[in-house]
S.K.: 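Sharing a structure with you now.
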Amino acid sequence: MNTLETLPVTLDDVLKAQELLEGIITKTPVESSRALGSLVGGNVFFKCENLQRAGSFKVRGAYVRMARLTDDEKKRGVVAASAGNHAQGVAVAAKSLGINARIYMPLGVALPKLAATRSHGAEVVLHGHNVDEALAEAQRYANETGAVFVHPFDNVDVVAGQGTIGLEILDQIPNVDTILMGVGGGGLLAGVAVAIKARAKELGREIRVIGVQAENAAAYPPSLAADALVPLKKVTTMADGIAVGRPGQLPFSIIRELVDDVVTVSEDSLARALIFLLERAKMVVEPAGAVGVAALMDGKIENPGNTAVVLSGGNIDPMLMLKVIQRGLSAAGRFMTVRMMLDDRPGSLATIARIIAENDANVTGLDHTRLGGSISMGDVSITINLETKGHEHGEQVLGALRAEGFQPIVVH
């Protein structure tokens, strides 16, 4: 294993980045979570980067990268590509430094993220149907014009800037045992690992650093197993902030040396974590920022002790939030959609309504139709959206319907 001093990013780099960021970024607060701590059997703290300028940690690395440009490079301007957080981080940093920024975003980018990026003063160009296509166009523009390309994670200054979060965590939670955070390309995880492991060595103690990925966008576990970059053929996750199909070469070289583990969580677990953060912590967090909470709730972290979870961003599209809330409630057994075939005669629907009411469930939507290729003459199809109080209560409602001769099928 390499020594900390021979890695491409060192503690000294992170300390210098911290000096550069003084007065530029917010030292985000740490909030304790008794509810999650009781669940996992330890003390849990949230490092609230969702309250950072521009809504995520990305401004740290972007500013450090751009502050170190030469005068000539600053005059040429910068270019970047992103679907959200990196775009806003670059825009905020560019405005602070007086640098012109051109940012490519995919055509389908969420309107709040597009508006926020423009509001920070950057020129936004919509190009391509995904981040990869926008990234390629940004690189082409950089090659053509001489503008400086600001990579979201594969850069020494960017990694050092993100690592300043680790220094803040140690200052705010000196007795921390475990630090969890999401990982996409790896800039955040690599930077924090450098800062934490170096400081832990100085203190003569162990502090675990663990990355978390969405299981449908998890390029790090196979890459670490192969000790080489293993790109994914397909990436599908609601956590767009960490939807990266290929780890960055620079972050990977650090993560494989320093990080204790990288675990994965499902989409349902992510949805449940977001609901938990809304209800119990009063925190608006995007899916990529909630993966650490999901890992704790799933029991993926053994003996966590005093645990810090980095809530890396809060830039969630309200339309996505609606979908996530419904999925989260469904995963928690608090919402379900039931479909049944009934005899088309008076009273059938009233009987179903009575059973649901007697079992203390609540109807939030209903669809009643006699038309469709699978519906026989004399039958009717009914689809009901129900609020329930958990999986056990949901089974109680279904059992009561079956006891009356109905055949409910749960479709969501």
Side-chain angles (χ1 to χ4, degrees), residues 33 35-36 38-40 44 46 50 110 180-184 210-222 232 234-245 261-281 283-302 304 307 309-339 361-362 364-365 383-398 408-412:
S33 175
L36 190 52
S38 298
L39 181 66
V40 303
V44 177
F46 297 141
N50 57 314
L180 304 176
M181 72 211 74
V183 52
I210 298 175
V212 187
Q213 292 200 292
E215 62 183 22
N216 295 328
Y220 264 92
L232 300 178
K234 185 179 181 182
V235 172
T236 55
T237 176
M238 70 175 80
D240 59 344
I242 53 173
V244 178
D261 198 6
V262 176
V263 301
T264 63
V265 294
S266 69
E267 297 297 289
D268 281 347
S269 294
L270 264 176
R272 284 194 296 268
L274 286 168
I275 295 293
F276 176 89
L277 286 163
L278 280 171
E279 289 189 332
R280 304 303 298 273
M283 287 284 178
V284 175
V285 180
E286 62 190 271
V291 289
V293 174
L296 282 175
M297 293 177 70
D298 279 358
K300 294 288 182 76
I301 313 301
E302 295 183 1
T307 303
V309 183
V310 180
L311 305 182
S312 57
N315 295 317
I316 184 169
D317 180 5
M319 292 303 295
L320 174 60
M321 182 179 286
L322 287 174
K323 296 175 184 177
V324 169
I325 288 173
Q326 187 177 49
R327 180 164 187 158
L329 292 175
S330 178
R334 294 167 55 188
F335 177 88
M336 66 178 175
T337 300
V338 176
R339 185 173 296 148
N362 187 41
T364 62
T383 303
I384 306 175
N385 296 329
L386 292 171
E387 284 182 339
T388 52
K389 300 173 183 177
H391 293 292
E392 186 175 337
H393 183 220
E395 287 301 322
Q396 175 189 319
V397 176
L398 294 173
I409 299 172
V410 178
V411 294
H412 183 65

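Quick caveat, the model's predicted, so the values are computed rather than measured.
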S.K.: Distance from Met283 atom CE to Leu274 atom CG, nearest 0.5 Å?
M.R.: 13.5 Å

S.K.: Please list, chain by chain and in numerical order, all residues satisfying side-chain hydrogen bond (donor to acceptor under 3.5 Å, both in side chains) with Asp261, sequence neighbours excluded.
M.R.: none

S.K.: For the side chain of Thr388 and the backbone of Gly333, is there at least one donor-acceptor N/O pair under 3.5 Å apart?
M.R.: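 Answer holds: yes.
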
S.K.: Starting from the C-alpha separation in whole Å, work towards a yes-or-no answer on side-chain contact (heavy atoms from CB on, under 4.5 Å) for Leu278 and Ile325.
M.R.: CA-CA 9 Å; Leu278 280 171; Ile325 288 173; 4.1 Å; yes

S.K.: Suppose we screen for side-chain hydrogen bond (donor to acceptor under 3.5 Å, both in side chains). Which residues come up paired with Asn50, at least two apart in sequence or across chains?
M.R.: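 Asn50 satisfies side-chain hydrogen bond (donor to acceptor under 3.5 Å, both in side chains) with no residue once adjacent residues are dropped.
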
S.K.: Would Ile242 and Val212 count as a side-chain contact (heavy atoms from CB on, under 4.5 Å) here? Give the steps.
M.R.: CA-CA 10 Å; Ile242 53 173; Val212 187; over 6 Å; no

S.K.: Starting at CD1 of Ile384, measure out to CZ of Arg339 and round the result to the nearest 0.5 Å.
M.R.: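 Result: 11.5 Å between the selected atoms.
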
S.K.: Mark yes or no for whether His391, through its side chain, and Ala331, through its backbone, hold a donor-acceptor pair below 3.5 Å.
M.R.: yes

S.K.: I need the minimum non-hydrogen distance between Ala35 and Arg280, along with the two atoms involved.
M.R.: CB-NH2, 3.5 Å

S.K.: Would you mind listing every salt bridge (Lys or Arg N to Asp or Glu O under 4.0 Å) that reaches into residues 309-331, with sequence neighbours excluded?
M.R.: Asp268-Arg327

S.K.: Taking only residues two or more places apart in sequence, or in another chain, which ones meet Asp298 in a salt bridge (charged side-chain N to carboxylate O under 4.0 Å, His left out)?
M.R.: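 Counting only residues at least two positions away or on another chain, Asp298 forms a salt bridge (charged side-chain N to carboxylate O under 4.0 Å, His left out) with Arg272.
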
S.K.: Is Pro408 close to Val397 at the side-chain level, that is, under 4.5 Å between some pair of heavy atoms?
M.R.: no

S.K.: Give the intermediate values and the outcome of side-chain contact (heavy atoms from CB on, under 4.5 Å) for residues Phe46 and Leu277.
M.R.: CA-CA 10 Å; Phe46 297 141; Leu277 286 163; 3.9 Å; yes

S.K.: Taking the side chain as C-beta and beyond, is there a heavy-atom pair between Leu296 and Leu39 under 4.5 Å?
M.R.: no

S.K.: Can you tell me how far CG of Leu398 sits from CD1 of Ile409, rounded to the nearest 0.5 angstrom?
M.R.: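 The distance works out to 11.0 Å.
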
S.K.: Please test Val244 against Val235 for side-chain contact (heavy atoms from CB on, under 4.5 Å), starting from the C-alpha separation and ending with a verdict.
M.R.: CA-CA 7 Å; Val244 178; Val235 172; over 6 Å; no

S.K.: Please name all residues satisfying salt bridge (charged side-chain N to carboxylate O under 4.0 Å, His left out) with Lys389, sequence neighbours left out, ordered by chain then number.
M.R.: Asp360

S.K.: Distance check, rounded to the nearest 0.5 Å: Met181 atom CE versus Leu311 atom CG?
M.R.: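 Met181 CE to Leu311 CG: 11.5 Å, rounded to 0.5 Å.
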
S.K.: I need the minimum non-hydrogen distance between Thr236 and Asn216, along with the two atoms involved.
M.R.: O-CB, 2.8 Å

S.K.: Can you give me the closest heavy-atom contact between Ala288 and Ala239, atom names plus distance?
M.R.: N-CB, 3.7 Å

S.K.: Rounded to the nearest 0.5 Å, how far does CD1 of Ile210 lie from CG of Leu180?
M.R.: 5.5 Å

S.K.: Please check if the side chain of Gln213 supplies one atom and the backbone of Tyr220 the other of a donor-acceptor pair under 3.5 Å.
M.R.: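 Judged by distance alone, yes, a pair lies under 3.5 Å.
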
S.K.: Any side-chain to backbone donor/acceptor pair from Glu215 onto Thr264? Under 3.5 Å, distance only.
M.R.: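 No; judged by distance alone, with no hydrogens or angles, the pair does not exist.
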
S.K.: Considering non-hydrogen atoms only, spot the tightest contact between Leu270 and Ala214 and give its length.
M.R.: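 Closest approach of Leu270 to Ala214, heavy atoms only: CD1-CB, 4.4 Å.
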
S.K.: Within the structure provided, determine whether Leu322 and Met319 are in side-chain contact (heavy-atom separation under 4.5 Å).
M.R.: yes

S.K.: If only atom types and distance count, is the side chain of Glu267 paired as donor or acceptor with the main-chain N or O of Met238 below 3.5 Å?
M.R.: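 Yes: the side chain of Glu267 pairs with the backbone of Met238.
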
S.K.: Taking salt bridge (charged side-chain N to carboxylate O under 4.0 Å, His left out) as the test, write out the residues that go with Glu387, two or more places apart.
M.R.: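 Applying salt bridge (charged side-chain N to carboxylate O under 4.0 Å, His left out) to Glu387 gives none.
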
S.K.: Which atom names give the shortest non-hydrogen contact between Val44 and Leu36, and what distance separates them?
M.R.: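 Looks like CG1-CD2, 3.8 Å.
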
S.K.: Side-chain contact test, heavy atoms from C-beta onward, threshold under 4.5 Å: evaluate it for Val40 versus Ile301 and give yes or no.
M.R.: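 Counting from C-beta outward, Val40 and Ile301 never come under 4.5 Å.
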
S.K.: Which atom names give the shortest non-hydrogen contact between Thr364 and Leu386, and what distance separates them?
M.R.: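 That closest heavy-atom pairing would be OG1-N, 4.3 Å.
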
